[in-house]
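Let me begin by presenting the structure, written as structure tokens, before commenting on it.
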Amino acid sequence: MGFLQAAPQLPHPWRSDRLLHALLERTLPGVRRDALDGDLHALGDYALMAWQRAATTTRRKPVLTQWDAWGRRVDRIELTTAWQEGPHVTTRHAVLAAGHEHHEHARLEEFARVYLYHVASEFYTCPLAMTDGAATALKASGNRALIERALPHFLSRDTATFWLSGQWMTETHGGSDVGNTETVARQDAEGQWRLHGRKWFSSAVVGEAALALARPEGAGAGSGALALFYVETMDGTQRRPELVIDRLKDKLGTQELPTAEIHLDGLPAWPLGELSNGVRQVAPMLNVTRTWNAVCAVASMARAITLARDYATRRLAFGRPLIEQPLHAQTLADMQAEFEGAFALAFEVAQLLGRVEHGSAAPHEIALLRLLTPLAKLWTGKLAVRLCSEALECFGGAGYIEDTGLPQLLRDAQVYAIWEGTTNVLSLDALRALTGDGLVALRTAVAAWLQGGDPHAALAIDAALDAAASHLDATPAQRATLEAGARGLAITLARCAAAALLARQAAWSQARGDARPAAALRRFLGHGLLQLADIGMDDTALLLH
Ligand code: MFK
């Protein structure tokens, strides 16, 4: 046999992750780090095992069986191995429970677990995100009866009592404009609310509960008239007959995740709060799932870059390993710098969420979290696609071959820019946050992050923030122009925040003799901060004519 190329090897995801180690060392007290270490080691072990298992087993997809041999409707879904393992891994390592502990580091400790587990979970993290979001929305609702009923299950550390929750918003009208929701809530003769309608993207249909938007019968049109309901899907060990699974979606990626189209045919439901303003009530859930989206996007980038870097040490071309080829090394370093910025921003949102929920946030940090959540979601979602695509290219033709496991990274990454709101919807959400104190809060935070750091970075970031602010100021009366520029504005602000966070990390690391984060900062700044679009509305109209 002739030449055989060595496959890329995945180093231990926790032991080898310099960024996560540095982040936790900078932010967590030693006693908390020690307590966390066992779970992170175990999740890293699991991730490594899952990667090796995928290389030696045939890939499977979930299978829906709607009818049994005797004509009974069963709607049974067979799950992949990783999905069957999901509840055990989740509860054993307190992936969700950790985020709801009563201290300010709870969310950071949760998302460190999520980051290590995500790729191995085969997007079991999708319904976990929904469950986390449902727990958060229930707490925000103050509905004692539902909190007491559902939270012990959602946050359980025991597989036997653990429940997954879905988030049933999207209908055939689309996922963005939920004001078009057609699902109706009717009260039966006993006063029990029941939901009737069709939900179009249900990614946690194997779960035991869900939060669903529905229009109470007789309520008006639009999103303000929607209400948010809690439902349960199981009657003992049987799925409730009022929940019908029509089919599983055939998706570009996330193929292990059984995303379903469902019908609700009178499913019993309980309102979380008032019978209106359901979007406002579901917002805490959206913001949590968007944070998951950002952290999972960063986890996919980490996996793609780690494999590409390892491969560059094993693949020889033109007489040298790829990593010694100047242009290939440059490409990898560029990817690393962008990834480090995204990592810093996603985990800052996680930390902020913990501080805000715990009540230990500084006054400006509530508005900061409100702004950084959509910024992190939208920027990391786009970047994941770009970096996973670049990583595949680093493997040449092998990156295009299914059983290397590499194309799946790119297909899966595409979901981050769609799931939980597209880039444009999130850009408009950032505008919503900017109409409040968002920009002032960001400038206050950036000034603090830059203290004692690289003065060159501070100048560049301040100049970009000034440009963003004038962009915002220049057009308050011209809503269409403001909206047309919202994506460029959002990405500029995300990059400014990421650069300031890299500067903070660089200063901290430099004081400990590590010059590497400063190199990431320089490279990141070199890629530019400004993405502000020059809005020519007339040209846009001409180009679309
Ligand atoms: C891994 C999974 C793979 C499976 C494949 C997935 C494929 C995709 C499936 C999907 O469809 S995912 C899409 C899920 N859908 C979304 O994420 C919703 C996207 N749309 C939005 O986020 C819109 O901005 C939104 C629905 C929220 C707009 O709703 P409205 O009612 O038209 O907006 P409005 O009136 O501005 O907001 C209503 C209230 O909510 C306001 O509060 P007030 O009533 O007090 O004024 C807003 O301030 C508040 N609000 C909205 N967004 C908020 C928020 N509050 C806090 N945070 C937010 N993010």
Side-chain angles (χ1 to χ4, degrees), residues 62 83 114 118-119 121-130 133 136-137 140 166-181 199-205 211-213 215 221-228 248-261 273-274 276-297 299-300 349 353 356 366-367 369-378 381 384 411-436 438 483 486:
W83 270 67
V114 172
H118 169 59
V119 177
S121 84
E122 296 180 347
F123 280 76
Y124 183 71
T125 42
C126 171
L128 285 183
M130 314 276 185
T136 309
Q167 172 210 68
W168 296 346
M169 286 200 315
T170 302
E171 302 197 355
T172 48
H173 275 293
S176 299
D177 188 359
V178 299
N180 288 323
T181 295
K199 295 287 180 182
W200 196 235
F201 267 98
S202 304
S203 287
V205 78
L211 296 191
L213 282 175
R215 198 174 302 284
S223 78
L226 296 174
L228 186 61
L248 297 185
K249 300 269 194 198
D250 187 7
K251 293 171 290 172
L252 171 72
T254 67
Q255 290 175 358
E256 292 83 358
L257 166 66
T259 303
E261 295 166 16
E274 58 176 334
S276 59
N277 293 314
V279 172
R280 193 194 300 158
Q281 293 177 60
V282 86
M285 178 171 200
L286 290 183
N287 289 331
V288 165
T289 54
R290 287 169 182 173
T291 306
W292 277 73
N293 201 98
V295 171
C296 293
S300 289
V349 172
L353 180 62
V356 168
I366 294 170
L369 175 65
R370 176 68 186 90
L371 175 62
L372 289 188
T373 304
L375 295 185
K377 192 290 186 186
L378 72 93
R411 279 204 310 273
D412 287 353
Q414 184 65 54
V415 85
Y416 300 125
I418 297 174
W419 184 50
E420 296 308 298
T422 61
T423 310
N424 284 355
V425 164
L426 270 290
S427 300
L428 296 175
D429 189 52
L431 273 191
R432 218 190 250 117
L434 284 164
T435 56
E483 285 191 14

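For ligands, and for the atoms within them, numbers begin at 1 and follow the listed sequence. FYI, the numbering just counts along the sequence from 1.
- At a heavy-atom distance under 4.0 Å, only side-chain atoms of N287, from C-beta outward, approach ligand 1.
- Atom 22 (O) of ligand 1 has its closest protein heavy atom at R290 NH2, 2.8 Å.
- Taking atom 7 (C) of ligand 1 as the reference point, the nearest protein heavy-atom neighbour is F201 CE2, 3.5 Å.
- In this structure, S176 has a heavy atom closer than 4.0 Å to ligand 1.
- When every heavy atom of A140 is checked against every heavy atom of P284, the shortest pair comes out as CB-CG, 4.0 Å.
- Between L248 and T259 the shortest side-chain heavy-atom distance does not fall below 4.5 Å.
- Listed by number with element, the atoms of ligand 1 under 4.0 angstrom from any heavy atom of V415 are 3 (C), 5 (C).
- Considering backbone and side-chain N/O of N277, none are found under 3.5 Å from N/O of ligand 1.
- Within a 4.0 Å radius of atom 49 (C) of ligand 1, the protein contributes no heavy atom.
- Taking distance alone, with nitrogen or oxygen atoms compared against 3.5 Å, V425 stays at or beyond that limit from ligand 1.
- The two residues A384 and Y416 have their closest heavy-atom pair at CB-CD1, 3.8 Å.
- Taking every heavy atom of S223 and a limit of under 4.0 angstrom, the matching atoms of ligand 1 come to 30 (P), 31 (O), 32 (O).
- With a 4.5 Å cut-off on side-chain heavy atoms, P258 and W83 count as touching.
- Between D429 and ligand 1, an N or O atom pair is found at a separation short of 3.5 Å.
- Looking at heavy atoms from C-beta onward, E261 lies out of side-chain contact with S202 at the 4.5 angstrom threshold.
- At least one heavy atom of R370 sits less than 4.0 Å from an atom of ligand 1.
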- request: For side-chain contact (heavy atoms from CB on, under 4.5 Å), just list the numbers for E171 and N180, CA-CA rounded to whole Å, side-chain angles, deciding distance to a tenth of an Å, and then say yes or no.
  value: CA-CA 8 Å; E171 302 197 355; N180 288 323; over 6 Å; no
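- Neither the backbone nor the side chain of K249 has a heavy atom within less than 4.0 Å of ligand 1.
- By the criterion of a heavy-atom distance under 4.0 Å, neither the backbone nor the side chain of W200 is placed next to ligand 1.
- The protein heavy atom nearest to atom 17 (O) of ligand 1 is E420 C, 3.1 Å.
- Note: no N/O pair closer than 3.5 Å links T259 and ligand 1 by distance alone.
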- prompt: Taking it one step at a time, do L257 and Y124 satisfy side-chain contact (heavy atoms from CB on, under 4.5 Å)?
  reply: CA-CA 7 Å; L257 166 66; Y124 183 71; over 6 Å; no
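- Looking at atom 28 (C) of ligand 1, its nearest protein heavy atom turns out to be R432 NH2, 3.5 Å.
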message: Under the criterion side-chain contact (heavy atoms from CB on, under 4.5 Å), I'd like the reasoning laid out for M169 against V282: C-alpha separation, chi angles, the key distance, then a yes or no.
response: CA-CA 9 Å; M169 286 200 315; V282 86; 4.0 Å; yes
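- In this structure, the side chains of T136 and M285 stay at 4.5 Å or more apart for every pair of heavy atoms.
- Summarising the contacts of atom 29 (O) of ligand 1 with V279, T170, L213, the nearest heavy atom is found in V279.
- F201 is listed as a side-chain neighbour of K249, based on a closest heavy-atom distance under 4.5 Å.
- W292 has its side chain within reach of V114: a pair of non-hydrogen atoms, C-beta onward, lies under 4.5 Å apart.
- Short contacts between ligand 1 and V178, defined as distances under 4.0 Å to a heavy atom of the residue, involve ligand atoms 26 (C).
- Atoms of ligand 1 lying under 4.0 Å from any heavy atom of F123, numbered from 1 in the order shown and given with element: 1 (C).
- Shown in contact with C126 at under 4.0 Å from a heavy atom are these atoms of ligand 1, numbered in order with element: 1 (C), 2 (C).
- Residue contacts with ligand 1, taken as heavy atom pairs separated by less than 4.0 Å, do not involve D177 at all.
- Nearest protein neighbour of atom 43 (P) of ligand 1, counting heavy atoms only, is R280 NE, 3.4 Å.
- Of the heavy atoms in L257, only side-chain atoms (C-beta onward) come closer than 4.0 Å to ligand 1.
- For the residue pair T254/K251, the side-chain donor-acceptor check at 3.5 Å is satisfied.
- Near M169, with a cut-off below 4.0 Å to any heavy atom, the atoms of ligand 1 are 14 (C), 15 (N), 16 (C), 18 (C).
- Distance remark: protein heavy atom not present below 4.0 angstrom from atom 46 (O) of ligand 1.
- Ligand 1 has a nitrogen or oxygen under 3.5 angstrom from a nitrogen or oxygen of G175.
- Side-chain atoms of V349 and R290, non-hydrogen and from C-beta on, never get closer than 4.5 Å to each other.
- Protein heavy atom at the shortest distance from atom 4 (C) of ligand 1 is S203 OG, 3.5 Å.
- By the definition of a contact as any protein heavy atom under 4.0 Å away, atom 19 (C) of ligand 1 is in contact.
- Protein heavy atom nearest atom 54 (C) of ligand 1, with residue, atom name and distance: A283 CB, 3.6 Å.
- Relative to the six-membered ring of W419, K377 misses at least one condition, a distance below 6.0 Å or an angle of at most 45° to the axis.
- Side-chain atoms of E122 and Q255, non-hydrogen and from C-beta on, never get closer than 4.5 Å to each other.
- When hydrogens are left out, the protein atom nearest atom 8 (C) of ligand 1 is I418 CG2, 3.9 Å; that is the closest non-hydrogen contact.
- T289 pairs by the side chain to side chain donor-acceptor pair (under 3.5 Å) definition with E420, not counting sequence neighbours.
- The two residues T181 and L213 come nearest to each other via the heavy atoms CG2-O, 3.8 Å.
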